[in-house]
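Please read the structure below before turning to the comments.
First listed ligand is number 1; within each ligand, the first listed atom is number 1.
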Amino acid sequence: MAIAMQNANWIAVEDYKFPGGWISAGAATGNSLETDARARALCRELEAGKILVFPKLPYEFPSDEREFLLSREWNELRLHKNVSYRPDHDVMRGFSGDQGTQTHLHQVLRNYSTHVVDFLRDFLRPYAGKWKLDFASFRPFEEEGRDLSLHKRNDLLHVDAFRLRPTRGGRILRVFTNLHAMKPRVWYAIGDFGWLAEKYAGAAGIRSFAGKNGPLRRAVSRWAATLGLARLSRTPYDRFMLRFHDYLKENDDFQRNSPKIRLEFPPLATWMVFTDGVAHAAISGQFAFEQTLLIPPDALVALDSAPYRILERLTASRLC
Ligand SMILES: [Fe+2]
């Protein structure tokens, strides 16, 4: 399959490979300024709603580890939506099987997270050292026909927002790899957050969130953030994005009739996307790995593309 031909919503990255890294002109001549400029240009595309796709793995993922993941049905995980891994505490959650398998899976997730972050440190160098490393996840179940409650469904278009990890204007970057040996992972996506906000933010109640951000409230939110009090630190932007996530999933007309694009990620493709700005739905596919990073506003290279800035322009008010 010719990945580059699919559509204008994604960019097939041809000048970064594993092993070796950058193969652009700048890297070949040792001109790191040229490589920095290329990386920055790609960050700008990502922030504007493009999906960057690598036809082959751009980081190390040993084949024996992939075979281990594909070798079983993971039925003991069915009580949970995914298996999650927290790199900062080296903790795995969502697995309740035997100890040997648990130890092995934990090791594979730890290695995956380390390798993918090493790759991102080089590939997305404008963000390196500024991001907050978030969770990784293993998604072993077929997405098509999953029995999940409406707000948890992956197959309905939505933008991401985290209930207990408010970003306070920062952005949610997610890197996915399709580990399936044969099947593509299929998405619908809408990359234009400006359009999405203009068309639906009003009906989702943005005005009521925009009116609740006086100086006292902002001071309390900042103070709570320094103390790590997640709920209290939520800005009106964070609260609205949680509402927007639910609103979009509840909106049958949006799900059926919005101008979405169908994307097919073949086996071993890796793709990255700001999922707070690109509406997405996983229609089908099985066995994916994912790593999330939170990019703070002061690390962004195109701040005006950030959803909070778009919503602030729309409402002429401060949301963070
Ligand atoms: Fe999502």
Side-chain angles (χ1 to χ4, degrees), residues 9-10 46-47 49-53 80-86 93-94 113 116 131-167 170-179 184-193 195-197 200-201 204 237-252 254-255 258 260-265 269-295 306-308 310-311:
N9 257 60
W10 76 15
L46 269 177
E47 290 178 33
K50 291 283 200 301
I51 301 173
L52 301 190
V53 188
H80 304 271
K81 192 174 166 186
N82 304 308
V83 180
S84 71
Y85 174 70
R86 303 178 179 205
R93 295 239 164 91
S113 180
V116 84
W131 58 49
K132 185 174 185 316
L133 194 53
D134 198 71
F135 299 177
S137 62
F138 173 43
R139 302 166 180 225
F141 302 125
E142 172 56 56
E143 295 291 353
E144 190 172 6
R146 279 185 82 173
D147 184 19
L148 293 168
S149 63
L150 185 120
H151 290 160
K152 287 193 171 171
R153 279 177 60 179
N154 294 330
D155 61 339
L156 294 173
L157 281 160
H158 64 283
V159 287
D160 285 343
F162 298 145
R163 217 155 279 281
L164 293 175
R165 281 124 60 217
T167 69
R171 303 209 55 185
I172 299 172
L173 178 70
R174 302 191 114 165
V175 183
F176 299 86
T177 295
N178 179 11
L179 294 170
R185 196 167 184 86
V186 181
W187 273 27
Y188 285 145
I190 301 172
D192 186 348
F193 188 83
W195 175 85
L196 204 61
Y200 295 105
Y237 166 71
D238 292 303
R239 291 174 199 276
F240 172 72
M241 290 300 277
L242 287 168
R243 175 69 204 120
F244 206 30
H245 167 275
D246 291 353
Y247 171 86
L248 294 174
K249 284 190 176 176
E250 290 160 7
N251 187 328
D252 204 41
F254 167 68
Q255 295 297 330
S258 57
K260 53 201 175 278
I261 282 163
R262 188 176 189 275
L263 303 167
E264 274 194 25
F265 303 101
T270 292
W271 62 105
M272 57 182 70
V273 51
F274 279 106
T275 54
D276 51 2
V278 175
H280 55 285
I283 305 305
S284 67
Q286 192 183 0
F287 295 117
F289 257 28
E290 171 270 337
Q291 172 72 57
T292 303
L293 298 102
L294 304 179
I295 313 296
Y308 91 89
I310 290 170
L311 293 165

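Annotation: ring pair (Phe, Tyr, Trp, His ring centres under 6.0 Å) contacts of His245 (sequence neighbours excluded): His158. Partners of Phe254 by ring pair (Phe, Tyr, Trp, His ring centres under 6.0 Å), not counting sequence neighbours, listed by chain and number: Tyr200.
Within the structure, salt bridge (Lys or Arg N to Asp or Glu O under 4.0 Å) pairs that include any residue of residues 270-287 comprise Arg171-Asp276 (at least two apart or interchain).
The distance from atom CZ of Phe274 to atom CD of Glu47, rounded to the nearest 0.5 Å, is 5.0 Å.
The distance cut-off of 2.8 Å around the Fe ion (ligand 1) captures these protein N, O or S atoms, sorted by chain and number: His158 NE2, Asp160 OD1, His280 NE2.
Closest approach of Ala189 and Leu263 over heavy atoms only: CB-CD1, 3.8 Å.
Using modelled atom types and a 3.5 Å distance limit, the side chains of Ser137 and Ser84 yield no donor-acceptor pair.
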